[in-house]
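Data first, discussion second: the structure below is written as C-alpha cells.
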Amino acid sequence: MKITLKDGSVKEYPQPMSVFDIAKDLSEGLARAACAGVVDGETEDLRTVIDKDRDVNICTANDPEGLAALRHTTSHVMAQAVKRLYPEIKLAIGPSIADGFYYDVDSETPLTAEDLEKIEAEMKKIVKEAYPIERFTKPREEAIAYMRERKEPYKVELIEDLPEDAEISFYQQGEFVDLCAGPHLMSTKDVGKAYKLTSLAGAYWRGNEHNKMLTRIYGTAFGKKAELDAYLTMMEEAKKRDHRKLGKELGLFMMHEAGPGFPFFLPKGMALKNTLLDYWREIHRKAGYVEIASPIILNRRLWETSGHWDHYKANMYTTVIDEEDYAVKPMNCPGGVLVYASEPRSYRDLPLRMGELGIVHRHEKSGQLHGLMRVRCFTQDDAHIFMTPEQIKDEIMGVARLIDGVYSLFGFQYHVELSTRPEDSMGSDEDWEMATEGLRTALDELGLDYVVNEGDGAFYGPKIDFHLVDAIGRTWQCGTIQLDFQLPQRFELEYMGADGEKHRPIMIHRVAFGSIERFIGILTEHFAGAFPTWLAPVQVKILPISDKFADYAKKVKEAMDKAGIRGEIDLRSEKIGYKIRSAQLEKIPYMLVVGQKEEEEGVVAVRSRAAGDEGQKPLSDFIEDIKKEIQSREIRVMEKKEE
RNA sequence: GCUACUGUGGCUCAGUCGGUAGAGCAAUUGAUUCGUAAUCAAUAGGUCAGGGGUUCGAGUCCCCUCAGUAGCUCCA
C-alpha cells in the first residue's frame with residue numbers, strides 16, 4: 001500500500017499499517033506526537049488500520065490537534081498519578097485547553113501546592129513506566145456498570161447523558177482506565193518531560209454554580225522542553241506588566257478598603273484618563289455626535305419603565321430618599337431617552353447621535369473584581385443613536401468603523417461576537433428577529449468575521465461585542481453595539497415623519513472603549529506602562545545636572561507648561577545617572593538633561609526612553625518635535641533594555 | 001457569591017520550636033554639585049488587616065469578620 005502524507009511525501013508499506021505504526025515508522029520525533037492520527041481529513045482512532053492507498057495526516061506536537069492530544073494524554077497521566085496517591089478522590093473531566101490542560105477532581109480534603117509536587121513526581125514515574133495506551137469500548141449499560149464498580153460517580157453521570165445506543169470508549173494505561181473519546185498518544189512515555197502543573201482552583205461541576213465545587217488542577221505540556229520554558233518565561237513577563245502592579249508603581253490609580261471595587265484615580269492616572277477622553281470627544285465631534293450628561297441617581301418609576309428594575313435589580317445600588325425608591329444608574333440609556341423625549345423630534349433631526357461619558361455603578365459580586373478590568377464604578381463612553389429603520393445599517397456600519405479606528409490607533413487585535421436573545425428578555429419575537437438580522441447584515445456587509453453567542457444579548461436587544469486581546473492572550477469585552485426596539489416603545493418615543501405622521505424611532509446603544517477604566521487597564525498592559533508620548537501622564541522630565549542649573553530647568557519647565565506639554569523637574573541633589581534611572585523606571589518618554597552647556601546655548605540634551613541619548617537640540621526645536629509627535633498620536637516602540 | 005490561598009513600615013520582602021519586630025528601596029535631614037540607568041551618612045517610620053479565643057507569654061496556634069489573589073459562575 002501507498003500513503004501520501006500531509007507534507008506531500010509518499011511512503012510505501014508491504015502490509016496494512018495502523019496510523020500509529022506509520023507515525024512510529026516515520027521518525028522518533030513524529031512518533032512521539034503522532035497522537036491525533038487524521039486520515040482523509042477525519043480524526044480517527046490511532047489504531048485505525050490503513051489497508052489501501054490513502055492520504056494520511058499525521059500530527060506533530062506543532063500541530064494544534066497533535067498538541068491537544070499530547071496535553072490530553074498528560075491530563076490522563078496526571079489523573080492516574082492522583083488516583084495512585086489519593087485513591088478516594090473522584091474524577092470528573094480533564095480536557096486540553098488553549099494553554100494546556102486541567103482535570104477536575106472531587107477531593108474531601110483540599111489539595112495544596114505540596115500535593116502538586118507529589119503528583120508531578122508520580123507522573124514522572126508513570127511516564128517512565130511507559131504503559132501502552134489501549135482503547136476499548138463497551139455498550140452504554142455495561143459502561144455505566146463498569147464505572148459504578150470503579151466508584152466514579154461523575155463518570156457514571158457523564159455516560160448516563162449519552163444516547164442509549166452509544167458505544168462508550170475507554171482508554172487504559174496500566175491500572176488506570178478513563179472514560180474518554182480520545183485521541184491519545186501511544187504510550188505514557190510519549191508525554192516526555194515538557195509538562196508542568198501550574199495551579200489549583202475551584203470549578204463548579206459542569207460549570208453550574210448550583211452544583212458542587214470541585215478542585216481543578218491546571219497544567220500545561222509541550223512537545224519540547226524549550227517550548228515549555230518559553231511559555232513559563234512568557235507568563236512571568238506577563239506578570240510584570242500586570243496593570244495592578246504597574247498602576248501602583250506608576251501612581252495611576254489605587255484601591256481602598258473603603259470602597260472595594262471603586263477605583264481612585266491618582267493625578268497621573270487622571271492625566272491619562274483625561275487625555276483619552278479628549279481624544280474620544282475629538283473623534284465623536286468629527287463623527288457628528290453631540291454630548292450630554294444625565295444624572296447618576298434616578299427614581300424607581302424610571303427604572304421600572306426602562307425595565308431595569310425587573311431585569312437588572314440584582315446589580316443595582318438602590319436607596320430610599322423622601323420615602324421614594326431611587327437607584328444609582330447601572331446604565332446611561334434611560335437618561336439619554338429622557339433627553340430625546342424632552343422636545344418634539346423631526347425626521348430631519350435623525351439620526352441623532354447623543355454621546356455621554358456616563359459614570360455607572362454596578363454591584364458586581366466580590367469574587368469577580370479584578371483591578372481596573374472589573375470594577376463596580378466605571379465610565380462608559382456611551383452613545384445612543386436614535387434613527388429611522390432605513391438608517392439602521394449605515395449607522396451600525398459607521399459605529400463599527402469608528403470602533404475599528406480607535407483600536408487600530410493603539411495597535412490592538414480584536415475579534416467580534418454577535419450575541420442573540422437571552423432567556424430573561426423583553427419584547428416580541430419579531431422585534432428580536434428584526435434587530436438580530438439588522439446587526440448580522442451590517443457585519444456581513446463590513447466583511448467582519450464573527451462568532452455567534454446564542455442567548456448572550458442584553459435583556460432589551462441583541463448586540464455586537466468587540467473583544468480585545470490583552471498581553472497574556474486573555475480577551476476582554478470592550479466595544480459593543482446594541483440594537484434596541486424596546487426602550488423607544490416603553491418610553492413612547494416619537495418623531496414626525498416626512499409624511500406628517502408620528503413614527504417610533506429605533507435606538508442603538510454603543511460604546512467604543514467600553515469602560516474607560518478597563519481600557520486603561522488593557523492599555524497599561526499592552527504598553528507595559530510605557531505609554532506613547534501623547535498618552536503618557538508625564539511626557540518630559542527635566543533633569544538638571546546639579547542644583548546650579550535649577551533656574552534654567554525651571555525656565556525649560558515653564559516653556560513646557562506654555563506649550564501644553566506635561567513636564568516635571570527632578571530637583572533632588574542627586575547625580576545625573578540616578579535621575580535618569582528613576583525617570584526611566586517611571587517610563588517617561590523624554591528626559592531633558594540640562595547643565596552648563598545647555599544653559600549657555602539655550603539648548604537641551606534630549607534622551608528618549610526608546611532610543612537613549614539623542615543629542616542636543618534648541619529648546620524650541622524639541623518643543624516643536626514633541627508637539628508633532630503628540631499630535632500625530634504616534635507610537636514609538638520601546639526597545640528592549642535591561643532594568 | 002463559590003473553592004483554595006494570602007494579609008508584617010509608603011513599596012518589595014525576612015521573621016526558626018510560641019519568648020516580646022528586621023532588611024533593602026522610598027521618605028526626611030546633613031554632606032556632596034556631579035554630564036546619560038543607583039554618591040555617602042544619619043534620622044524617622046509598624047496596635048504584625050480587624051475582632052475574639054488558647055497560653056505565663058501570640059506576628060507565629062484556633063475561630064469569626066474584612067480585604068486581596070487564582071480560578072469558577074456572571075459581565076463593560
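These values consider heavy atoms only, across backbone and side chains, with no hydrogens, waters or symmetry-generated copies. For clarity, every value in this text was computed on a predicted model and none was experimentally measured.
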The criterion is salt bridge (Lys or Arg N to Asp or Glu O under 4.0 Å); which residues satisfy it with R421(A), sequence neighbours excluded? D429(A)
Expressed in angstrom and rounded to an integer, what is the separation of K248(A) atom NZ from G7(B) atom C1'? 11 Å
What's the gap between G57(B) and A21(B) when it is taken at their C1' atoms, as a whole Å value? 16 Å
Counting only side-chain heavy atoms from C-beta out, which of G71(B), U73(B), A76(B) sits nearest to K365(A)? U73(B)
C17(B) and U55(B), which share atom name P, separated by this distance in whole Å: 23 Å
Of the nucleotides U32(B), A37(B), C75(B), which has the atom closest to the R362(A) side chain? C75(B)
For R518(A), report the nucleic acid contact type (base, sugar-phosphate, nothing); a contact means any heavy atom under 4.0 Å. base
Could you tell me whether the side chains of T420(A) and E454(A) share a donor-acceptor contact shorter than 3.5 Å? yes
Report the residue (V511(A) or L111(A)) whose heavy-atom-nearest nucleotide on RNA chain B is the more 5′ of the two. L111(A)
By nearest atom, which of the nucleotides A70(B), G71(B), C34(B) is closest to the R244(A) side chain? A70(B)
Rounding to a whole Å, what distance do you find between M373(A):CE and C75(B):P? 19 Å
Look through every strand shown and name the nucleotide pairing with U36(B) as Watson-Crick or G-U wobble, where both distances are under 3.5 Å. none
Sugar-phosphate, base or nothing in reach of G577(A), heavy atoms under 4.0 Å: sugar-phosphate
Please state how far atom CD in E364(A) lies from atom C1' in G68(B), giving the value in whole angstrom units. 17 Å
For C66(B), which nucleotide is its Watson-Crick or G-U wobble mate, given both distances must be under 3.5 Å? G7(B)
Aro-ring/base stack Y578(A)-A37(B), d under 5.5 Å, angle under 30°: no
Give a yes or no on whether a donor-acceptor pair under 3.5 Å exists between the nucleobase atoms of G71(B), that is its base, and the side chain of Y204(A). no
Is there a Watson-Crick or G-U wobble partner for A42(B) with both distances under 3.5 Å, and if so, which one is it? U28(B)
Tell me the interatomic distance from L369(A), atom CG, to C2(B), atom C1', rounded to whole angstroms. 14 Å
Between U28(B) and C61(B) - P atom distance, rounded Å: 38 Å
I'd like to check the salt bridge (Lys or Arg N to Asp or Glu O under 4.0 Å) partners of E417(A); sequence neighbours left out, ordered by chain and number. none
When both distances are under 3.5 Å in a Watson-Crick or G-U wobble arrangement, the nucleotide paired with G22(B) is C13(B)
Just call it for G479(A): base, sugar-phosphate, or nothing, with non-hydrogen atoms closer than 4.0 Å on any strand. nothing
Expected output: side-chain H284(A) to main-chain W280(A) donor-acceptor under 3.5 Å: yes
Tell me: OH of Y102(A) to C1' of U3(B), nearest whole Å? 15 Å
Looking across every strand, which nucleic acid part, if any, lies under 4.0 Å from Q596(A) by heavy atom: base, sugar-phosphate, or nothing? base
Electrostatic pair K245(A)-E249(A), nearest N-O below 4.0 angstrom: yes
Report the distance from atom CD of E598(A) to atom P of U36(B), rounded to the nearest whole Å. 12 Å
Measure from the side chain of D547(A), starting at C-beta and using heavy atoms only, and say which of A67(B), A76(B), U33(B) lies closest. U33(B)
Among C34(B), C75(B), A27(B), the nucleotide that comes nearest once only the side chain of I545(A) is considered: C34(B)
Classify the nucleic acid contact of R206(A) as base, sugar-phosphate or nothing, counting any heavy atom under 4.0 Å across all strands shown. nothing
Report the residue (T112(A) or A605(A)) whose heavy-atom-nearest nucleotide on RNA chain B is the more 5′ of the two. T112(A)
Run the side chain to side chain contact (heavy atoms under 4.5 Å, CB included) check on R607(A) and E614(A) step by step: do they pass? CA-CA 5 Å; R607(A) 186 190 164 94; E614(A) 295 188 346; over 6 Å; no
Considering Watson-Crick and G-U wobble pairs with both distances under 3.5 Å, what does U47(B) pair with? none
Pairing partner of U54(B), by Watson-Crick or G-U wobble and under 3.5 Å for both distances, is none
Distance check, C1' atoms only: C11(B) and C72(B), in whole angstrom units. 32 Å
Think R376(A) has a side-chain N or O under 4.0 angstrom from the OP1 or OP2 of C74(B)? no
R216(A) side-chain proximity, nearest of C72(B), U73(B), A76(B): C72(B)
After noting the C-alpha distance and the side-chain angles of E364(A) and N315(A), does the key distance pass the side-chain hydrogen bond (donor to acceptor under 3.5 Å, both in side chains) rule? CA-CA 6 Å; E364(A) 301 292 349; N315(A) 279 326; 5.1 Å; no
NA contact type, I576(A), heavy-atom cut-off 4.0 Å: base, sugar-phosphate, or nothing? sugar-phosphate
Could you check whether K212(A) gets within reach of a base, just the sugar-phosphate, or nothing at all, counting any heavy atom under 4.0 Å? nothing
Rounding to an integer number of angstrom, what distance separates G22(B) and A44(B) when you compare their C1' atoms? 16 Å
Counting the atoms with a prime plus P, OP1 and OP2 as sugar-phosphate, which does V375(A) contact under 4.0 Å by heavy atoms, base, sugar-phosphate, or nothing? base
